[in-house]
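First up is the structure itself, then whatever we jot down about it.
Letters A, B, ... are given to chains in the order of the sequence lines, protein chains preceding strands, and every chain is numbered from 1. As the structure is a computational prediction, the values presented were derived from the model and not from experiment.
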There are 2 protein chains.
Amino acid sequence: MIGEQLAHLVEGLRLQGELKLPSERELAAQLGISRGGVRKGLATLIENGQVVQRVGRNGGTYIRTVNVDSYIVSPPVAPFTVSRSLNEVVGVPTLLVDQGYTPSTRILRAEERDAQKRERDQLGLSPGQRVVTIRRLRSANEVPLSLEEMTLPASVFPDLLSRDLSSIYELMADGYGVSVVTAQERIGVGEATPSAAYLLKVAPGAPLFDIERIALDQNNRPIELSRDLFRADLTRLTVTSP
Amino acid sequence: MIGEQLAHLVEGLRLQGELKLPSERELAAQLGISRGGVRKGLATLIENGQVVQRVGRNGGTYIRTVNVDSYIVSPPVAPFTVSRSLNEVVGVPTLLVDQGYTPSTRILRAEERDAQKRERDQLGLSPGQRVVTIRRLRSANEVPLSLEEMTLPASVFPDLLSRDLSSIYELMADGYGVSVVTAQERIGVGEATPSAAYLLKVAPGAPLFDIERIALDQNNRPIELSRDLFRADLTRLTVTSP
DNA sequence: AAGTGGTCTAGACCACAGC
DNA sequence: CTGTGGTCTAGACCACTTC
């Protein structure tokens, strides 16, 4: 691979305090390869941020210097951002309306099935008991915001699948007299798989908040397991502790 | 750009239920361009996950089908993960020791200077008052974990710069009788700049938790502004609400 | 005007996977 | 053996930036 040769060359020049590489044409001649090969090799250096290029008369390929003074992350470019407070338990539609956005929900899938072992453990169910899982895509102002998968004990919410599933929290309260008062959440960051990327209209590999939640109702009974993927470019989490 | 032509072509084929594109050589002939141009165009489609290629006798360029059933994010590959609870205010060294890791801290920079407008507003200072800013790189078991920039009112912490700055929270309590009891945090995700990537030993563009914090002491006085960048692959945030 | 990177062409050889 | 993508070559023209 030509890329590795070039990487070594750049490392050597950096140690000598050199800032600029020869032009692509010169490099090709010196290394005895074609300009196309040089460009392919430089492409990986550019992708890794080791080198930048500038066109024009005094352009060229420049070695990036590490600047400890400016390590701040790049400001995201987003049409808007949604804030989600971790200090209170509210549903996404409520959240969005409160911030002036128009929420919409697309149900991707809803089904009832036997609870799996892990679900039984976390929801306190016995073997053979049923759960309802709902997979939804939520949007704010028609911009895709999050993918959510929610698992609920079927016994607590009979006939759930025939209801309007766009706002479960409202449905819990109004239809079943259950309110979520406490939630434990675990927040990580994951890369969007191609399918998630397609649904959320981001590039594959784009960062997503990956949030797992166990919610308890007013009787401290586990009532909901969730796995939410929020577009990281559109979402800010806020928390006041303790 | 050739890429756009190809994107339209792929969209058309997808609607017709076609799964496979012509070979690169055929495409070049049909579109009246060179194979190099075709490859360059396909490169962006591959990057966007719209298409995959396979080599060999029955290889070719295949259109990806979206599978709604498997949108879960890819599991991260990490040597270990550190959990940080958002329900309590503890310093990073304490946090790491509690989880069985060996913490280390490298001071990148520490200085005293005039407070800027935004800092004065947030810390409740008057023009001309001084602040101390400290920039640190924290590691767990010698693996870089986070970059932190902390800004403190100099008047509250006289002579701070001559102390051991590896654990500010301990220093606040033991040296100045100040304890942080409340903090407001705003959590986003950003991409590592090349400099941040170099220090944290991740690839440029890798996702980082970007956490801004305002901390209040026992008298509800703002005492600390912070901007922390945590490696997202190593960090999990947990919270129990309310 | 001169030199840079950005792009495209036409052709070649290679490694690989199936027939 | 055949057809695929993966890579490289040699050459050309373009847009852009600076002298």
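One can place CG of A:Leu27 at 11 Å from P of C:dT4, the figure rounded to the nearest angstrom. Residue B:Leu21 contributes atom CG, which lies 14 Å from atom C1' of D:dT4 at whole-angstrom precision. Remark: P of D:dG6 and NZ of A:Lys40 are 9 Å apart, rounded to the nearest angstrom. The distance between atom NZ of A:Lys20 and atom P of C:dG3, rounded to the nearest whole Å, is 12 Å. Note: CG (A:Leu42) to P (D:dC8) measures 13 Å, nearest angstrom. To the nearest angstrom, C1' of C:dT7 lies 16 Å from CG of B:Leu31. Distance OH (B:Tyr62) to C1' (D:dT4): 9 Å, rounded to an integer number of Å.
A close approach under 4.0 Å does occur between a side-chain nitrogen or oxygen of B:Ser23 and OP1 or OP2 of D:dT4. The side chain of A:Thr61 contributes an N or O atom lying less than 4.0 Å from OP1 or OP2 of C:dG5. Phosphate proximity of D:dT4 to B:Gln53: absent, as no side-chain N or O sits under 4.0 Å from OP1 or OP2.
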Which parts of nucleotides 12-19 of chain C does protein reach within less than 4.0 Å, heavy atoms only, written one letter per nucleotide 5' to 3' as B for base, S for sugar-phosphate only and - for none? BB--BBB-
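For A:Asp98, there are no salt bridge (Lys or Arg N to Asp or Glu O under 4.0 Å) partners, not counting sequence neighbours. The salt bridge (Lys or Arg N to Asp or Glu O under 4.0 Å) search around B:Arg113 returns B:Glu111, B:Glu119, not counting sequence neighbours.
Counting all heavy atoms, side chain and backbone alike, B:Ile187 lies closest to A:Phe209 at O-CZ, 3.9 Å.
Crowding of A:Lys20 atom NZ: a count of heavy atoms from other residues, nucleotides or ligands under 6.0 Å exceeding 12.
With C:dC8, D:dT9, C:dG5 as the choices, the nucleotide that has an atom nearest any side-chain atom of A:Ser34 turns out to be D:dT9. Of the candidate nucleotides C:dG5, C:dT4, D:dT9, C:dT4 has the atom lying nearest to any side-chain atom of A:Glu26.
The salt bridge (charged side-chain N to carboxylate O under 4.0 Å, His left out) test with A:Glu149 is passed by exactly one of A:Arg109, A:Arg135, A:Arg227: A:Arg135.
Relative to the ring axis of B:Tyr62, B:Arg54 places its NZ or CZ within 45° and under 6.0 Å from the centre.
In this structure, the side chains of B:Glu148 and B:Ser226 stay at 4.5 Å or more apart for every pair of heavy atoms.
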